[in-house]
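This report refers to the structure that appears directly beneath it.
Basis for what follows: all heavy atoms, side chains included, without hydrogens, waters or symmetry-related copies. Proteins get letters first, then strands, A, B, ... in listed order; numbering begins at 1 in each.
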Protein chains: 2
Amino acid sequence: MQAINIFLTGRLGETLEDFMHGETRYAFGSLYPDGPHRVVEGPVCAFVDWVMDDLSGLEMCRRLRADPRTEDAHITIVLEEDDAADKRRALKAGADDYMVGPLDRTLVLDRVMALQAGCGQPGIAERLELGELTIDAAALQARWAGEPLDLRPNEFRLLRFFAQNPDRVLTRADLIEALGKQEPPIDERTVDVWIGRLRKALRAAGAGERVRTVRSLGYVYDSR
Amino acid sequence: MQAINIFLTGRLGETLEDFMHGETRYAFGSLYPDGPHRVVEGPVCAFVDWVMDDLSGLEMCRRLRADPRTEDAHITIVLEEDDAADKRRALKAGADDYMVGPLDRTLVLDRVMALQAGCGQPGIAERLELGELTIDAAALQARWAGEPLDLRPNEFRLLRFFAQNPDRVLTRADLIEALGKQEPPIDERTVDVWIGRLRKALRAAGAGERVRTVRSLGYVYDSR
DNA sequence: GCCGACGGTCACAATCGCGTCACATGCCCG
DNA sequence: CGGGCATGTGACGCGATTGTGACCGTCGGC
């Protein structure tokens, strides 16, 4: 899977910066009006706050577009509220897309991963394969032996994370964090229910028992 | 699908320049009377305003025809009003085609894609095939298993865009933008209605359920 | 100028997704 | 062998999201 450079500004940065760490495969940078501007090679996507301290998101979009290093970036502008005029202005300033806040990290993560997977020319959409399991992050779809798995979004996210960390014990806290949940605080027991649902879906697709319980610790995806 | 070089002048440039970016597959250039003239290899098509600040569209046509780099270009001249005499003059000056403004981006996009599909040399991706689905952009027609789909223009554009981005989550914003809509700002909920109509048409043709909803994110065209 | 096709919006109903609870079952350890 | 904690799972209910029929304005053709 190819690295993608993600830029986050303002509130969004605070929201996600602490999340994109460790095992995530993102090259990560901060982008500030006139501050350090760490740019690396490869496809870039940016999430730009509509409101920032000292520079509007619009201006930020224009600068990204103007900079030859980032002119091809996929820019998502994050609006405070659902205002049609702002949307138009955002697209006009070079944004490719917009989302309306307050942001649901869960969705941002889906978006980021989908962009990562589908970045650049279509057709190269990277897939994550693990035995019979195929995760197509761009299509937000998983398959077992070629057959589509019938997964709810949450189950998909769970499986995606398992597939990214196979044969490793993942605690309930890991899983809750990985799915981007944080508000309201999720009861750890809820994870058990997620697991149950995921197991059922995998069983229904003939995948057998893939998710093993590790008592008092968490769960493991057995890639075997 | 092969890249095509598109030149836009004057008001048209302003209208579409901000649109042809990112995932679109166009090499893009601006063409000004005596200004920079970025020319790349490959088939070229040009949209030339009838009225420009300091040079008439007619003169522009002649220059394009005279320039060996662009003498084979497909030139569409954009008239202010529907004047038969102007049309004749335009064709005489070397234009291959004309359209009457004020421009509807939606239509320009249809035109551009149709040209791209049928452009110059035969053999250049005239058709877009995806399983049973065939998109004939030049004819503005889609088929399922050889049988023509009964689609309205909007539905066709939608399907065309889906076919260009199969197995990728496309947000409502993506779709609105892809169809060239911008004025008046389109309500995102409207996309749901487009989808509903497209689904019905596909179903009627025996294509089954091709367009999958991705809750809170958008829609995906499932190629399989 | 009339008429039909097309496309955008609205409002309402249906559905879906998911977090939680409650209870059943299972496992570990003394 | 028993107590107690850990996990599995069916059921429930709330919200949010989506599907869709109906309505209506617009445009183009006749």
- Whether B:Arg212 side chain and A:Ala139 backbone form a donor-acceptor pair below 3.5 Å: yes
- Are A:Leu133 and A:Tyr221 side-chain neighbours, meaning at least one heavy-atom pair lies under 4.5 Å? yes
- Whether over 12 other heavy atoms sit under 6.0 Å from B:Asp150 CG: no
- Message: Can you give me the bend angle of the helix from C:dG1-D:dC30 to C:dG30-D:dC1? Use the axis through the first five pairs and the one through the last five, nearest 10 degrees.
- Response: 30°
- Is B:Asp167 close to A:Gln141 at the side-chain level, that is, under 4.5 Å between some pair of heavy atoms? no
- Between C:dC10 (P) and B:Glu188 (CD): distance, integer Å: 13 Å
- Query: How would you list all residue pairs meeting salt bridge (Lys or Arg N to Asp or Glu O under 4.0 Å) that involve residues 197-206 of chain B, not counting sequence neighbours?
  - Reply: B:Arg203-B:Glu209
- Nearest 0.5 Å, what's the CD-CZ distance between B:Glu129 and B:Arg143? 11.0 Å
- Query: Say you draw a straight line from CG of B:Leu175 to CD1 of B:Ile195; how long is it, rounded to the nearest 0.5 Å?
  - Reply: 6.0 Å
- For DNA chain D, find the residues of residues 198-210 of chain A with a heavy-atom distance under 4.0 Å and give them by number; none if there aren't any. A:Arg199, A:Lys200
- Message: Does the protein touch nucleotides 20-30 of chain C at the base, only the backbone, or not at all? Give it as B, S and - per nucleotide, heavy atoms under 4.0 Å.
- Response: BB----BBS--
- Would you say the side chain of A:Trp194 lies within less than 4.5 Å of the side chain of A:Leu179, judging by non-hydrogen atoms? yes
- Which nucleotide span of DNA chain D, 5' end to 3' end, has atoms closer than 4.0 Å to non-hydrogen atoms of chain B? D:dA16 to D:dA22
- In Å and rounded to the nearest 0.5 Å, what is the CG to CD1 distance from B:Leu149 to B:Ile135? 7.5 Å
- Query: Using a heavy-atom distance cut-off of less than 4.0 Å, which residues of residues 150-158 of chain A contact DNA chain D?
  - Reply: none
- Item | SB check A:Asp110 A:Arg157 (cutoff 4.0 Å) | yes
- Any side-chain donor near an acceptor of the partner, B:Tyr219 and B:Asp174, under 3.5 Å: no
- Look up atom CD in B:Glu155 and atom CG in B:Leu202, then write down how far apart they are to the nearest 0.5 Å. 9.0 Å
- Item | From CG (A:Asn154) to CG (A:Leu159), nearest 0.5 Å | 12.0 Å
- Query: Is there a side-chain contact between B:Leu198 and B:Leu151, using heavy atoms and a 4.5 Å cut-off?
  - Reply: yes
- Query: How many angstroms lie between atom CG of A:Leu130 and atom CZ of A:Arg210, to the nearest 0.5 angstrom?
  - Reply: 8.5 Å
- Query: Separation of B:Leu217 atom CG from C:dG17 atom C1', in whole Å?
  - Reply: 14 Å
